[in-house]
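The structure appears below as structure tokens.
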Amino acid sequence: MDFSDSPDVAEFRAGLRAWLGEHLATYADGVGYDSAEGVAATHRWHRALAAAGYVTVSLDPEYGGRGLSDLYEAVVNEELAAAGAPPPPPIGHIAHAVADFASADLKARVLPGLLGCTESWCQGFSEPGAGSDLAALSTTATATDDGFVVNGQKIWTSWAMWADRCLLLCRTEPDQARHRGLSMLVVDMDTPGITRREITLANGSREFAEVFFDDVPVPAANLVGERGQGWRIAQHMLTYERGPADMGWTGRLGNVLAAAQEGVRSGRLPADDVLRRRLAAVAVDAQVLSWHVARSLVDRSSADPGSSGSIDKLLTTRVEQELYAVVGDLNGAAQVVGEQRPFNEYLWARAQSIYGGTQQIQRQIVAQRLLGLPRG
Amino acid sequence: MDFSDSPDVAEFRAGLRAWLGEHLATYADGVGYDSAEGVAATHRWHRALAAAGYVTVSLDPEYGGRGLSDLYEAVVNEELAAAGAPPPPPIGHIAHAVADFASADLKARVLPGLLGCTESWCQGFSEPGAGSDLAALSTTATATDDGFVVNGQKIWTSWAMWADRCLLLCRTEPDQARHRGLSMLVVDMDTPGITRREITLANGSREFAEVFFDDVPVPAANLVGERGQGWRIAQHMLTYERGPADMGWTGRLGNVLAAAQEGVRSGRLPADDVLRRRLAAVAVDAQVLSWHVARSLVDRSSADPGSSGSIDKLLTTRVEQELYAVVGDLNGAAQVVGEQRPFNEYLWARAQSIYGGTQQIQRQIVAQRLLGLPRG
Amino acid sequence: MQIGLDPEQRALGKASGALAADLASGWDRGRGPSDVASAAPSDADWARIVEAGWPALRLREENGGLGAAAVDVAVLVEQLGRHSVAAPVIGTLVAAEQLQALGAPAETLEAIAAGELRVAPLLDAGLLGFAPSAEGALAWDSAGATLAYAPDGSAHALGEPLPTADVTRSVRRPGARVTDRDTALRPPAGDDRDRLHAFVLTLLVADLLGTMSAALDAAVEHATTRTQFGRPIGSFQAVQQIAAEDLVSVEATRSALYFSAWAVDALPPAEALRAARTAKAFASRSGVAVCQDAVQLFGGIGMTWESPAHVWLRRAQTDRTSFGDEHAHQAVLADLDLAPGA
Amino acid sequence: MQIGLDPEQRALGKASGALAADLASGWDRGRGPSDVASAAPSDADWARIVEAGWPALRLREENGGLGAAAVDVAVLVEQLGRHSVAAPVIGTLVAAEQLQALGAPAETLEAIAAGELRVAPLLDAGLLGFAPSAEGALAWDSAGATLAYAPDGSAHALGEPLPTADVTRSVRRPGARVTDRDTALRPPAGDDRDRLHAFVLTLLVADLLGTMSAALDAAVEHATTRTQFGRPIGSFQAVQQIAAEDLVSVEATRSALYFSAWAVDALPPAEALRAARTAKAFASRSGVAVCQDAVQLFGGIGMTWESPAHVWLRRAQTDRTSFGDEHAHQAVLADLDLAPGA
């Protein structure tokens, strides 16, 4: 049992810290998705990080990665959070899908732009009629002589407004039931027939969009893997989606907690004994979460039920929602009158039990797959 | 809107208080179900209360009641709780079932003993294979020339160890599905073929028993209502089972709360600010519960969803479990070392989300019957 | 015991609900946070509000009011919450009640009752209660109001709306003195202050009840129509368990409102205030919990600006904070119940 | 980072679990509260425990012990919790660790390691920590123990078991002095005290983890076989939602245990204690919650004496209270984190 860094990890971490110390100030300002300037700043930040060799470090060197373990991805996320830097580009799962399933030609065409962050990607999975029930999706890619023609609609597509390419999960085999009929395509977002509509969230965020496909041609060479393999690739991606990023997210929650603690210590956030103890209780939860995420990351390849992403997500959501509830109460009237960032963060915490699979679905996965309870 | 007593109710309440002031001391001591003496004392208390005219006051005078509204039953429960007296005999629902469905002959035979508390009754509903799913019960009453022969097993039968009679829900129509095949019988508990086995609960309570029926003959005259009417009668009983008794239960929770508050005030139960505030929070809940139970009682006949017993039970359970959690923490080490009454009460509170329909089933009833959500 | 609304109160609820729904339908939260319509009612809408007698409802007859019971006012306010009405009716009712308790002259109150004088109450910077002076105070639910009075009778103009979580109601800072509108006020007796406080808390409970019940009803409706895995999501037990607990909370809150509203006029002031604190503590907790659950039940769509789900949650959180959340009231109740010798 | 058990630790867990299960199978809770078997192990069982090296596990080699890491001890204690072992192994481990930290002579510790001297730790009357003296103290997990030492080295005989919630472990009052068994102790250094405290809290976390995971596993097993409405109750979503959250709690508690146990030996004492307090706070809450849920999932049968469900809940509540519940530790953590200048 050892929760501390190995020498290699410590060296990697120190290198990253040094790089951040030198370069963060140049890039961190103005990063966001609320304006064209913010998006441009985000892309600059991603490209700088990629150029420094800190993007998708777990990918094979032949594809532009560094062939390091997931742990290093986690260190990147963790250190960026600790430094108060914007997150790394969330492209690890897309990169792994392409690297592990795409043809050599497709890889050569798209991986450099993806990994160098010179091209921006989105992931077209959810649909209005297929959220929790993803296998019910109905966007079709009908085979033609030289490829496919896509028709349908995606929703909750993060960064779609600014994306150059989309990894699209769609139905190519209409005669196959549910998940057996799905395939994965790379779609250039400037192809005629694609329309994007921004979604404004309750917290003012403009990260999501709807994407409409109207007779959109996609060349056969843009098929990732084989026809009918879409579901498998999507599942494969899920295993890369969380773990390391959880480390960053946990770190960011830790920053929020630390700021609240500092506010109480300094008297800026007046807190009676009850509020102090509520803050201490959520600090306990946040600390256990960070230990759990670390363990989960290292144990990922084992058969240990602790490796389950659904458990991690449920625990994270529990902690995050409680944290923002306490921080909200610490803010008191300032939560409802005045600058709205705290309230928007509280709202965003509420969304965590919905996005990426609702709490109810996550619990069902845990109950059936990990506890072995029978299906209803 | 008026939460205060009408003059009639106030007079009734004053009369009961006076009676309690005079007689409670004579009867209250040693009441319980943990020993033969306790059971005898319980029966003496019930008979005294009945003789004074305070048992099943809502029953028609022709059957021995006083023809008063449910509100008066509630006042009885409430005042007994307030006086720290043992509860009244829980027979209102049985009395209403017999009065409303039994033949004149059966009524004449059994109501005097029931209402006078000279005979003790139990209610045989639940079975090992039919708890939440009562309609699945399998105890059979096979029709014979002059009645029925009962075979099967009941469980969770309160007071069965000392009961003279049992109101038995059983299957008389084997060719009818589920609830359509059920009937209600009055069974004399000294009939040969009946075996009782005490169930000791986790909290040491010995109130429950299993009852085994092995070719037990029951005369046709002991059928309540008609064959196949059992489910309807059982449902009818449910409407009499809670309401007024809730008032008493709420009162008893109020006593527990008041004792805890007094303990804190006097310094007997040391409490820091956090514990004091937790006690205040549950006091809020207990107060709202008592208002809700009062409203629910008065609104019972209306179509208002507030009238639902399931809502009341869920709310009561929520408050009761939280109350005993806080009281347990107030007791600190004394909850786990020393006299075990507080811990046993805590355990009993845990049972409230199971007995009388689990919390999960109650919620499903509320969701489907009151909110109109579709069945799964 | 006669617990529940009488036929007149039911009629008032129905009529208020109809007007509230109509007012709400004319207000637009736009396409995002920077696109929200002003909460201030148009002159025409204000005229309808005055016509309905809402600003006058609770004022005594000698002050140009209708002298309604607190229960009646609660019936109205529940509907304002239910429809998330943007017009500052609650602020007006609160300010009018405060001014009456502080002995404001009849002509001032008559002007409020007639809708000619549009006032808002001044709360302290923590929104915990009425402000002792205009210094640092906030004019609460003050959209379209022209004046706010400090307890010393000084009249203050009002600034621009501040950023707020609640998109349906405005908070503004008192600005310049308007000395020619000053009025004569006196400190209230302790009893009057307690009853005023009980009344105000009760209105917030009513708004929370309306808000949470609207949220639950809409979530149930959504769950009945939205399908996943080939069936309505409301048929899933996991969804039903949540919705059922929410109905328990709604009904318990209704019981608390009924008692609290009755107590304002029927019980001694200290008891009425105690009941109102209890109701406010309970409703603050349950109102926010139910609105959070509604967001959950709406799923992804509930987190969009387009959905009403966040509007209810915003309103509930604001009601919860205003005049003290559950923690504030439980702190007072703990002192009342648990102080040695209490 | 190397988080998880190594093969040796897994083997230790397996062997400990087998013996723990066997010991547990020989103990009977009877037919009701007045029928419970003594928690004291038979001589034969104690000999097996000693043979397994459990009392000696953590003592240093120079004191006749095996010098095991805290992680190893945690692996054992998890199994004791998992099987609700009645024999006072945890009490022995705690007492031995305390005596070693207080500088007890090697012969005393050797006698403990060899199972010849059966000691229990003295806790204060609130079970919050080690007692400063025998006065009013409680000998914790002391079934079959013959002596308890106060920090001044005085030896005390032990009285009859007190009534306790936990039916598997005894608490007894120290009685007569046994002066010829007195030993020489010294006050521990602050660092030693912190590390001792961290170690003890970690064992309670381990017992809680074992207890809660046993309860959850059994509840899941019950839910898989028990049918209602024609299907296993575990197929109902309402049941699955509860069980899933419980698994989250169990796994998070396991992570907390791993860190806390590692920290005892690897981090500076103050950091180790801080981690242990955090883990104990979390495990106290989650352990009781999971065991309560297990009672719920067992349904009516779970509330009978016959069912093991209440045994787990009793043990969890006792573990939670012993050496401070979540509130006690959160109070300390709040002071550490939130005091001005902290």
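Each chain gets a letter, A, B and so on, in the order the sequences are listed, and its residues count up from 1.
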Which of the residues [options] is involved in the greatest number of heavy-atom pairs with chain B at under 4.5 angstrom?
{"options": "C/A334, C/A279, C/S255", "value": "C/S255"}
{"options": "C/D6, C/V250, C/D246, C/V248", "value": "C/V248"}
{"options": "C/A275, C/S260, C/S286", "value": "C/A275"}

Under a 4.5 Å cutoff for heavy-atom pairs, which residue among [options] has the most contacts with chain C?
{"options": "B/A271, B/A367, B/G372", "answer": "B/A367"}
{"options": "B/S266, B/A294, B/A281", "answer": "B/A281"}
{"options": "B/Q261, B/Q368, B/Q287, B/R318", "answer": "B/R318"}
{"options": "B/D285, B/D2, B/V366", "answer": "B/D2"}
{"options": "B/D5, B/L71, B/L371", "answer": "B/L371"}

Checking heavy atoms, do the side chain of [X], its backbone, both or neither come under 4.5 Å from chain B?
{"X": "C/H327", "value": "both"}
{"X": "C/A266", "value": "neither"}
{"X": "C/Q237", "value": "side chain"}
{"X": "C/R285", "value": "side chain"}
{"X": "C/V71", "value": "side chain"}
{"X": "C/L216", "value": "side chain"}

Going by the angle between their ring planes, with limits at 30° and 60°, are [X] and [Y] parallel, tilted or perpendicular?
{"X": "C/W262", "Y": "B/F3", "result": "tilted"}
{"X": "C/F229", "Y": "C/F236", "result": "perpendicular"}
{"X": "B/Y355", "Y": "B/W348", "result": "tilted"}
{"X": "B/F12", "Y": "B/Y72", "result": "perpendicular"}

Checklist entry - Under the side-chain contact (heavy atoms from CB on, under 4.5 Å) criterion, do B/L314 and C/E245 qualify, and how do the steps go? => result CA-CA 8 Å; B/L314 285 166; C/E245 281 296 330; 3.7 Å; yes

Checklist entry - Could you give the distance from CZ (B/R350) to OH (B/Y346), rounded to the nearest 0.5 Å? => result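 Reported to 0.5 Å precision, the distance equals 5.5 Å.
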
Next on the checklist: To the closest 0.5 Å, what do you measure between CG (C/D319) and CE (C/M212)?
Outcome noted: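 CE of C/M212 is found 11.0 Å from CG of C/D319.
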
Checklist entry - Take atom CD in C/E8; do more than 12 heavy atoms of anything else shown fall under 6.0 Å from it? => result no

Item to check | Which portion of B/R375 sits near chain C, non-hydrogen atoms under 4.5 angstrom | outcome: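 Backbone only.
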
Next on the checklist: Need one label for B/Q362: side chain, backbone, both or neither, based on atoms under 4.5 Å from any heavy atom in chain C.
Outcome noted: neither

Item to check | side chain to side chain donor-acceptor pair (under 3.5 Å) between C/S284 and C/D325, worked out | outcome: CA-CA 6 Å; C/S284 293; C/D325 66 8; over 6 Å; no

Item to check | Residue pair C/A244 / B/R363: nearest heavy atoms and the distance that separates them | outcome: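 Smallest heavy-atom distance, with atoms named: CB-O, 3.1 Å.
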
